[in-house]
Amino acid sequence: MIYDYKLVGTRVVILSISLMMLASFASCKGGQASVSEKMGKEVPIKYAENLSVVEHEGFTEVKVRNPWDTAKLLQKYILVPTEQELPANLPEGTVVRTPVSNALVYSTVHNSLISEIGGIDAIGGVCNAEYVNEGEVKERLRSGRIADCGVSMSPDIEKIIKLHPQVIMLSPFENNDKYAKVGELGIPIIECADYMETSALGRAEWVKFYGLLFGKADVAEKMFGDVEEKYNALKEMASKVAKRPKVLIDQRYGQVWNVPGGESTMAGLIRDARGINPFDAYKQSGSVPLAPEKVLAEAYDADIWFVRYNQDNEKTLKELASDAPVNSQFKAYKEGNVYGCNTRYIDFYEETPFHPERLLENLIYYMHPEMRGDALTHSYYTQMR
């Protein structure tokens, strides 16, 4: 046999280099610190699509993806513990000292969540105080311990300056123009884009970020773990149901009817409860504003109707019909399958965003009467008469 020693030598060199690279890669993945560990330890995020969290030595990096342009970032936060000096060469981003001890919180959704995870003492002010239902937050507003900073669309700038919060927590919207005057105060704005997630568990998982902000990471992790377990158990139970009713949500407000887009958390909840969302063709997260006549054309045959409202008295079917001419033309109305939730007295908005398992339980209970067992753990809806 004749050997080409030059060719063999070349192959030996190539093989040696390959083995060296492989050994190097193996050592990175083995007992020594891996490349990812040197870069930071990624916190597992299973469902949230617009959130990522990486722990580094001395700080935690949180990225919020722009839900309206997913190729871009909406914000990047650098969380640094208050008791330590700022590390050298921090990456670019909005620096927030944690745990936050004085926050202005725009929405009742988030001040209720902060209270639940044990961070109520860090709520220095709120907006939209008239909609606050959470008992302790309400009491602190009465006593003045929590400041009322006006309505979220035009907050009281003087009160905010006097409060001097560490952060302002608000729900972002597309083309926000940096939140007008509030954006000029130099106070870090926490853009709570959780409502733009495409799944209920995805939104609920944002509690991990809020837990980090308020020094309640362990509490938040446990809370989400419990939510996830209960939600998935209910989803599995509902998956065995054969019949899938068509579901209508809410009604017209002003000139439009905001229906759940096909990639919204509500659409996901309807699917997980083994229902059909008539508006799945609108491939977007959040809600889709439609003319009431358009809603009637696409969902006139809805089997069941869930309506949220806010008023002193319980809404009746007769009153619902008088709210808008189209309302009495839906199949669900004609057959009496309408269920109302009076958010003036029921903590729907405060609880369900981060406890979607409670809402899923309600949907399954009313959509599938044959599956009803024990009474609801958290009852949000009652049949409208």
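Index from 1, following the sequence.
Of the possible polar contacts, one joining the E205 side chain to the K46 backbone as a donor-acceptor pair under 3.5 Å is found. Not a single donor-acceptor pair under 3.5 Å links the side chain of D194 to the backbone N or O of W206. Under the 3.5 Å distance criterion, the side-chain polar atoms of N128 are matched with a main-chain donor or acceptor of S152. Side-chain N or O atoms of K159 include one that pairs as donor or acceptor with a backbone N or O of D148 at under 3.5 Å. The backbone N or O of G58 sits less than 3.5 Å from a side-chain atom of Q84, completing a donor-acceptor pair. Judged purely by atom type and a 3.5 angstrom limit, K230 has no side-chain atom pairing as donor or acceptor with the backbone of H355. With hydrogens and angles ignored, the 3.5 Å screen pairs a side-chain donor or acceptor of Y366 with a backbone N or O of Y381. Remark: the backbone N or O of V62 is not paired with any side-chain donor or acceptor of Q75 at under 3.5 angstrom. Side chain of T82 to backbone of T98: a donor-acceptor contact under 3.5 angstrom is found. A donor-acceptor pair is defined here as one N or O able to donate and one able to accept, closer than 3.5 Å; no such pair exists between the side chain of R65 and the backbone of L73.
The hydrophobic cluster containing Y339 does not contain V295, counting ILVMFWY residues as joined when their side-chain heavy atoms lie under 4.5 angstrom apart, directly or transitively. Connection of V96 to V207 is established within a shared hydrophobic cluster, with ILVMFWY side chains joined at heavy-atom distances below 4.5 Å, either directly or through further cluster members. Side-chain heavy atoms closer than 4.5 Å link hydrophobic residues (I, L, V, M, F, W, Y) into clusters, and following such links, even through other members, never connects L51 to F59.
For the pair E49 and T198, the minimum side-chain heavy-atom distance is below 4.5 Å. Proximity of I189 to L170: side-chain heavy atoms (C-beta onward) are separated by under 4.5 Å at one or more points. At least one side-chain heavy atom of V109 sits under 4.5 Å from a side-chain heavy atom of F354. When side chains are defined from C-beta on, I146 counts as touching V137, because their heavy atoms get closer than 4.5 Å. When side chains are defined from C-beta on, H56 does not count as touching P91, because their heavy atoms never get closer than 4.5 Å. Counting only heavy atoms from C-beta outward, the side chains of V338 and F330 never approach each other to under 4.5 Å. N362 is not listed as a side-chain neighbour of T352, based on a closest heavy-atom distance of 4.5 Å or more. Contact check for D303 versus E335: no side-chain heavy atoms found under the 4.5 Å cut-off.
Remark: E229 CD is loosely packed, at most 12 non-hydrogen atoms of other residues, nucleotides or ligands lying under 6.0 Å away. Heavy atoms of other residues, nucleotides or ligands lying less than 6.0 angstrom from CG of D69 number more than 12. Counting heavy-atom neighbours within 6.0 Å of K246 NZ, excluding the residue itself, gives a total above 12. The environment of K162 atom NZ is sparse: at most 12 non-hydrogen atoms of other residues, nucleotides or ligands sit within 6.0 angstrom.
With Y380 as reference, F348 is the one residue of Y365, F306, F348 to meet the ring-ring contact (aromatic ring centres under 6.0 Å, His included) rule. Residue E263 is tested with K283, Q284, E197 for a side-chain contact (heavy atoms from CB on, under 4.5 Å); the sole match is K283.
Aromatic ring centres of Y349 and Y131 lie farther apart than the 6.0 Å criterion allows.
A donor and an acceptor atom, one from each side chain of Y309 and E319, are nowhere located under 3.5 Å apart. Side-chain atoms of S101 and Q166 include a donor-acceptor pair closer than 3.5 Å. Counting only N and O atoms by type, the side chains of D323 and Q251 include a donor and acceptor under 3.5 Å apart.
Salt bridge K331/D301: absent, no basic N to carboxylate O contact under 4.0 Å. Salt-bridge formation is not detected for the pair E361/R358: no Lys NZ or Arg NE/NH1/NH2 atom is positioned less than 4.0 Å from an Asp or Glu carboxylate oxygen. Using a cut-off of 4.0 Å between Lys/Arg side-chain N and Asp/Glu carboxylate O, K222 and D226 are scored as salt-bridged.
Scanning all heavy atoms of the two residues, the minimum distance from A48 to I45 falls at O-CG2, 3.5 Å. For S379 against I346, the heavy-atom pair with the smallest separation is O-CG2, 4.5 Å. Nearest heavy atom pair, residue Y333 against residue A321, reads OH-CB, 3.3 Å.
To the nearest 0.5 angstrom, E130 atom CD is 11.5 Å from L141 atom CG.
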side-chain hydrogen bond (donor to acceptor under 3.5 Å, both in side chains) evaluation trace for N277 with D280: CA-CA 6 Å; N277 173 31; D280 272 346; 3.0 Å; yes

Start with the C-alpha gap between L213 and Y77, add the side-chain angles, then the distance that decides, and say whether side-chain contact (heavy atoms from CB on, under 4.5 Å) holds. CA-CA 10 Å; L213 280 175; Y77 300 102; over 6 Å; no

